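Hydrogens, waters and symmetry mates are skipped; everything else that's a heavy atom, side chains included, is used. Reminder, nothing fancy here: chain letters follow the sequence lines and each chain counts from 1. Every value quoted in this text rests on a predicted model; they were computed, and no experiment measured them.
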2 protein chains.
Amino acid sequence: MTPVRPTMSDVARAAGVSAMTVSNVLTGRRPVSPATRARVEAAAAELGYELNLTARHLRAGRTDTVALVVPRLDHPYYGELAARLTGLLAPQGRHLAVEQTDAGPHGELAALTQARWQLYDGVLLSVVGLTPADLDSVRTSAPLVLLGEQRMPARHDHVRMDNVRGARIATAHLLAAGSRRVAVVGGADPDPDAGMMPARTAGWVAAHAAAGIEPDPALVVPAPRADLADGRDAVRRLVAADVPFDGVLAVTDTLATGVLAGLAEAGLRVPDDVQVVGFDDLAASGFTVPALTTVDPGHDAMAHAALRLLDRQAGPAGPGGAGDPGRTGEHVVAPVRLVVRGSTRPVA
Amino acid sequence: MTPVRPTMSDVARAAGVSAMTVSNVLTGRRPVSPATRARVEAAAAELGYELNLTARHLRAGRTDTVALVVPRLDHPYYGELAARLTGLLAPQGRHLAVEQTDAGPHGELAALTQARWQLYDGVLLSVVGLTPADLDSVRTSAPLVLLGEQRMPARHDHVRMDNVRGARIATAHLLAAGSRRVAVVGGADPDPDAGMMPARTAGWVAAHAAAGIEPDPALVVPAPRADLADGRDAVRRLVAADVPFDGVLAVTDTLATGVLAGLAEAGLRVPDDVQVVGFDDLAASGFTVPALTTVDPGHDAMAHAALRLLDRQAGPAGPGGAGDPGRTGEHVVAPVRLVVRGSTRPVA
DNA sequence: CTGTTAGCGCATTCAC
DNA sequence: GTGAATGCGCTAACAG
């Protein structure tokens with residue numbers, strides 16, 4: 001009457017076979033005669049046997065579970081990424097476990113150095129705040145693929161979006177539709193390799209250069225936390241400072257959604273007074289009022305690439321794949337695409 | 001030069017002690033002399049030793065990781081819940097791993113019967129589509145707490161919102177502010193125990209009863225997937241069918257956001273022509289245009305309660321806590337609260 | 001097709 | 001305060 005969980009030996013005894021045969025029935029790694037198989041399955045069902053995955057992991061080094069490590073789970077971007085990855089893994093009988101590090105270098109660095117990723121067959125790490133030096137010092141035991149918009153050490157596999165091009169075509173769209181003073185909300189020192197905000201700001205600069213327009217530095221509005229309130233506050237600040245503007249490139253859809261709220265609050269009409277374009281193509285962005293013109297950052301391509309790179313590491317070199325300091329990683333850039341909706345005016 | 005990971009024995013050899021002593025240094029479960037401790041720590045650092053968590057788990061039965069299992073990770077409600085739980089666990093040195101089951105009974109039931117939850121110290125399972133019978137048949141090895149709005153078997157611990165009351169006060173607010181024909185988007189057969197939509201519809205019915213109004217069945221609009229498109233389409237359907245309405249109770253904020261999009265599309269003004277109230281108080285709901293009046297379902301209370309129940313199971317009866325068929329679970333109902341914003345008119 | 005032996009890396013006895 | 005033996009539950013490698 002002890003509620004102790006039965007083990008393979010228990011099942012084996014009940015079925016009159018050895019533990020090895022039970023294992024073979026369960027894993028299918030070696031052929032088993034139908035009769036034996038049936039006896040084992042019956043015994044397992046009878047005893048309510050459940051495989052102990054921890055023991056399997058210790059022995060076989062495999063959990064069939066991939067970790068996705070992100071800064072914040074309450075940001076829809078990561079939720080959508082997680083859902084997409086789960087959808088790709090499920091048909092293969094693999095699982096995704098998502099963990100949050102909280103934004104900032106401390107949490108992310110801790111994430112990397114922690115032994116707990118051994119619980120997983122591989123780790124997809126969304127990097128926001130780490131420096132290349134931080135990343136360079138990293139040794140992980142499990143296969144590792146980095147996701148993020150900053151420059152990463154060459155030895156790690158890395159998947160990112162085409163931020164500069166995305167921001168450039170988005171800004172070009174605003175300019176083509178008549179905006180002349182396009183604010184960049186979430187703007188920063190332009191730099192294609194220094195993270196999401198600098199890279200997208202670089203695209204904003206490039207679009208202006210291509211159009212022969214000198215952008216006003218007053219139109220660069222920082223948004224450190226990149227959340228909804230930051231977007232709304234950016235508009236408040238522009239209005240309060242009397243900086244005229246007739247277009248907004250928000251570097252994320254979340255910021256753009258906040259911008260729409262700020263514009264409504266200020267009594268500015270979208271797209272008539274101010275055109276707005278975002279970046280990320282979140283599910284909700286098709287349902288804002290008005291619906292958001294935005295940049296699809298190649299979600300599917302990123303998810304596919306990330307898993308392909310992970311599997312590539314798991315393959316040849318064994319667990320040492322990412323640990324080899326001399327290794328050269330693969331760096332994938334997903335293609336972007338402009339999605340035109342109601343927050344911008346038709347282009348002639 | 002083999003990149004094989006060092007084990008405790010390796011560290012022990014390097015430090016000139018036994019593996020047991022290394023373990024004692026790392027766990028602190030037995031006193032170790034400062035000199036020995038220093039030697040062991042130096043050796044561990046030298047070799048780049050990392051504890052093998054899987055082995056510890058097999059031996060000690062503990063991963064310090066709790067699983068949150070949800071239907072969909074791209075639904076902001078679950079992302080926000082996950083972020084909240086992570087925040088509560090982190091200070092205790094514990095972790096949250098989130099996994100998605102995909103909506104529907106099959107995925108959820110599979111989730112429950114799967115042995116893989118052994119990887120975790122406990123499981124918080126968000127239930128949407130399972131019947132009580134499904135749940136009754138469940139034996140999990142790890143501590144289990146159910147989250148969800150339907151009736152659950154008494155033996156499981158369970159945390160839910162006060163759906164009926166939430167929907168009732170939300171609807172009462174619409175009626176008090178002058179609406180007379182309040183549609184319920186995501187409506188279903190009213191029943192306080194049959195899941196989120198029936199329970200919230202029951203609240204809508206109750207508010208009408210209290211106000212002495214007979215609600216028109218034509219105002220009950222189903223929204224099976226409860227996503228943004230369902231919300232927008234509900235408005236399209238009401239308009240196309242010429243059903244007059246001057247208020248909407250959307251049973252989730254996601255639906256409400258879709259409803260706002262649909263109303264904008266139909267040229268109906270919010271709150272002047274139609275007042276809208278949602279349910280869930282998502283982060284984004286403060287930034288829709290106009291901002292959404294909604295029901296705060298007691299997020300914090302739910303998160304706290306869920307973890308408390310999990311820890312309670314882990315404590316006394318050992319791992320058998322939830323497995324005992326004779327056990328009586330605790331059932332917690334979080335308190336709701338109306339959050340008034342711009343999508344409803346001021347109440348006199 | 002099936003069984004036997006051995007050991008994954010750690011932590012719990014029990015000894016000293 | 002430290003060490004030696006033992007086993008958690010499973011599966012690879014070798015029999016047969």
Side-chain angles (χ1 to χ4, degrees), chain A residues 2-41 43-44 47-64 115-119 121 141-142 318-319, chain B residues 2-41 43-44 47-64 115-119 121 141-142 318-319:
Chain A
T2 23
V4 148
R5 307 182 47 189
T7 73
M8 271 196 181
S9 304
D10 298 326
V11 177
R13 198 174 316 115
V17 297
S18 78
M20 193 64 239
T21 301
V22 177
S23 174
N24 288 329
V25 168
L26 265 53
T27 62
R29 287 181 71 79
R30 283 190 350 193
V32 174
S33 80
T36 312
R37 162 181 304 277
R39 288 223 315 292
V40 168
E41 281 168 351
L47 296 179
Y49 172 72
E50 282 180 12
L51 183 66
N52 183 327
L53 279 181
T54 305
R56 165 182 285 180
H57 188 205
L58 179 59
R59 186 65 237 222
R62 182 173 51 86
T63 54
D64 293 326
R116 50 195 316 281
W117 305 129
Q118 296 165 17
L119 292 174
D121 289 348
S141 30
Chain B
T2 24
V4 149
R5 307 183 48 190
T7 73
M8 272 195 182
S9 306
D10 298 325
V11 177
R13 198 174 314 116
V17 297
S18 79
M20 191 62 244
T21 301
V22 178
S23 175
N24 288 329
V25 169
L26 266 53
T27 62
R29 286 180 73 78
R30 281 192 350 194
V32 175
S33 79
T36 312
R37 162 181 303 278
R39 289 224 314 294
V40 167
E41 281 168 352
L47 295 178
Y49 172 74
E50 282 180 10
L51 184 67
N52 183 326
L53 280 181
T54 305
R56 166 181 284 182
H57 187 205
L58 178 59
R59 188 65 237 231
R62 181 173 52 87
T63 54
D64 293 325
R116 50 193 319 278
W117 305 127
Q118 298 164 16
L119 292 175
D121 288 349
S141 31

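Taking atom CG of residue A:N52 and atom P of nucleotide D:dC8, one finds them 11 Å apart after rounding to whole Å. Put simply, CZ on A:R39 is 13 Å from C1' on C:dC1, counting in whole angstrom units. Atom CG of B:N24 is separated from atom C1' of D:dG1 by 9 Å (rounded to the nearest Å). As a whole-Å value, the separation of B:M8 CE from D:dT2 P is 15 Å. Atom CD of B:E50 and atom P of C:dC10 are 11 Å apart (whole Å).
Listed by residue number, A:V17, A:S18, A:M20 are the residues of residues 12-20 of chain A with a heavy-atom contact under 4.0 Å to DNA chain C. Of the residues in residues 25-34 of chain A, those placing a heavy atom less than 4.0 Å from an atom of DNA chain D are A:T27, A:R29, A:R30, in numerical order.
Note on residues 26-39 of chain A: pairs passing side chain to side chain donor-acceptor pair (under 3.5 Å), not counting sequence neighbours, are A:S33-A:T36.
To the nearest 0.5 Å, atoms CG (A:L26) and CZ (A:R56) are separated by 7.5 Å. Atom-to-atom distance recorded for B:R13:CZ and B:L47:CG is 9.5 Å, nearest 0.5 angstrom.
Screening B:V40, B:V22, B:T21 for a side-chain contact (heavy atoms from CB on, under 4.5 Å) involving B:M8 leaves a single residue, B:V22.
In this model, no side-chain donor or acceptor of A:R56 finds a partner on the base of D:dG9 within 3.5 Å. At a cut-off of 3.5 angstrom, the base of C:dG9 holds no donor-acceptor pair with the side chain of B:R59.
Counting any heavy atom pair closer than 4.0 Å across all strands shown, A:T36 reaches sugar-phosphate atoms only and no base atom.
Shown here are the side chain to side chain donor-acceptor pair (under 3.5 Å) partners of B:N24, two or more places apart in sequence or in another chain: there are none. Taking the side chain to side chain contact (heavy atoms under 4.5 Å, CB included) definition, one finds that B:T7 meets it with B:S9, B:D10, sequence neighbours left out.
If one axis is set at each end of the helix from C:dC1-D:dG16 to C:dC16-D:dG1 from five pairs, those axes are 30° apart, to 10°.
Nearest heavy-atom pair across B:D64 and B:D121 is N-OD2, 2.7 Å. Taking every heavy atom of both residues into account, A:A44 and A:V11 meet most closely at N-CG1, 3.9 Å. Contact between A:A43 and A:A14 at its shortest, heavy atoms only, is CB-CB, 4.0 Å.
Between D:dG3 and B:T21, a contact under 4.0 Å exists linking OP1 or OP2 to a side-chain N or O.
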